[in-house]
Amino acid sequence: MGSKKFKLAVLVSGQGTNLQALIDQMEQGVLTAEISIVISNVKEAFALERANNHGIKTVFLDPKSYPDKKAFDRALIDRLQAEAIDLICLAGFMRILGKPFINSFAGRIINIHPSLLPAFPGLHPQRQALDYGVKFSGCTVHFVDEKVDSGPIILQSVVPLYDSDDEETLSRRILEQEHLIYPRAVQLIVENRLDVTTRKVTQQKT
Ligand code: GAR
């Protein structure tokens with residue numbers, strides 16, 4: 001009998017390049033987990049097509065078919081619990097998850113955000129960085145807690161800003177780094193190598 005694989009759920013809303021990075025690292029045997037399900041709140045999300053191309057189960061949960069946010073979150077919780085998921089990866093999932101969701105999977109939800117948190121949380125972080133005039137931005141993988149873009153930080157990568165940058169060029173360069181650190185952060189969790197004390201995450205040596 002083979003050993004039990006670490007099961008991921010990936011929640012998406014858009015193009016799914018981070019999902020693709022996770023899939024690629026799995027297919028190369030670098031990330032030793034499997035994606036049990038990809039869930040989108042957006043029907044046309046290209047991420048769903050990416051998952052289908054790799055034979056991964058996909059679900060579209062339509063927010064409009066639930067009376068309110070609480071009911072949508074409940075449906076999401078039920079779906080994920082039915083899959084016995086080990087870790088939930090938010091990968092461009094553009095919805096804020098409520099307290100019942102966070103509590104149902106405490107310490108088992110991570111997110112990637114395209115800025116060096118705590119700078120520029122929320123929407124359009126690349127534009128915020130450009131408008132502020134910072135010389136460096138980047139991306140952050142963090143555990144998800146009740147507040148938006150605020151949980152303990154697992155990994156970050158720094159990206160310089162150039163005078164010639166616009167939102168598109170900066171986003172593209174940050175995405176390249178996202179695709180490196182997101183699979184790496186997931187693998188650290190798969191290997192159970194992270195210690196979290198209050199909000200500080202440290203890595204155990206191998
Ligand atoms: C990524 O840049 C991700 O960091 C960002 O959305 C993009 C999704 O791209 N997420 C957030 O801003 C969450 N606050 P992808 O669909 O190609 O992975």
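Not measured: the values here are computed from a predicted model.
Considering Ile96, Ile102, Leu97 as possible partners of Asp73, the one that fulfils the side chain to side chain contact (heavy atoms under 4.5 Å, CB included) test is Leu97.
Ion pairing between Arg172 and Glu168 holds under the 4.0 Å rule for side-chain N and carboxylate O. The residues Arg173 and Asp165 are annotated as salt-bridged, a charged nitrogen and a carboxylate oxygen being separated by less than 4.0 angstrom.
For Phe101, the ring pair (Phe, Tyr, Trp, His ring centres under 6.0 Å) test picks out Phe105, with sequence neighbours left out. By the ring pair (Phe, Tyr, Trp, His ring centres under 6.0 Å) test, Phe93 pairs with no residue at all, sequence neighbours left out.
More than 12 heavy-atom neighbours from other residues, nucleotides or ligands sit within 6.0 angstrom of CG on Leu180. Atom CZ of Phe60 is surrounded by more than 12 heavy atoms from other residues, nucleotides or ligands within 6.0 Å. Annotation: Lys69, atom NZ; neighbour count of heavy atoms from other residues, nucleotides and ligands within 6.0 Å is above 12.
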**Item:** Test log, rule side-chain contact (heavy atoms from CB on, under 4.5 Å), inputs Ile153 and Arg199
**Value:** CA-CA 8 Å; Ile153 290 170; Arg199 65 158 303 115; 4.1 Å; yes

**Request:** Start with the C-alpha distance between Val134 and Leu116, add both sets of side-chain angles, then the distance that settles side-chain contact (heavy atoms from CB on, under 4.5 Å), and finish with yes or no.
**Result:** CA-CA 11 Å; Val134 292; Leu116 292 176; over 6 Å; no

**Item:** Asn18/Leu175 under side-chain contact (heavy atoms from CB on, under 4.5 Å): CA gap, chis, key distance, verdict
**Value:** CA-CA 8 Å; Asn18 277 292; Leu175 261 182; 3.8 Å; yes

**Message:** The test is side-chain contact (heavy atoms from CB on, under 4.5 Å); show your working for Thr17 and Arg50 and say whether it passes.
**Reply:** CA-CA 9 Å; Thr17 65; Arg50 291 180 191 270; 3.5 Å; yes

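Between Gln20 and His54, some side-chain heavy-atom pair lies under the 4.5 Å cut-off.
Taken to the nearest 0.5 Å, the CD1 atom of Ile23 stands 4.5 Å off from the CD1 atom of Ile35.
Here the side chain of Gln177 pairs no donor or acceptor atom with the backbone of Thr140 at under 3.5 angstrom.
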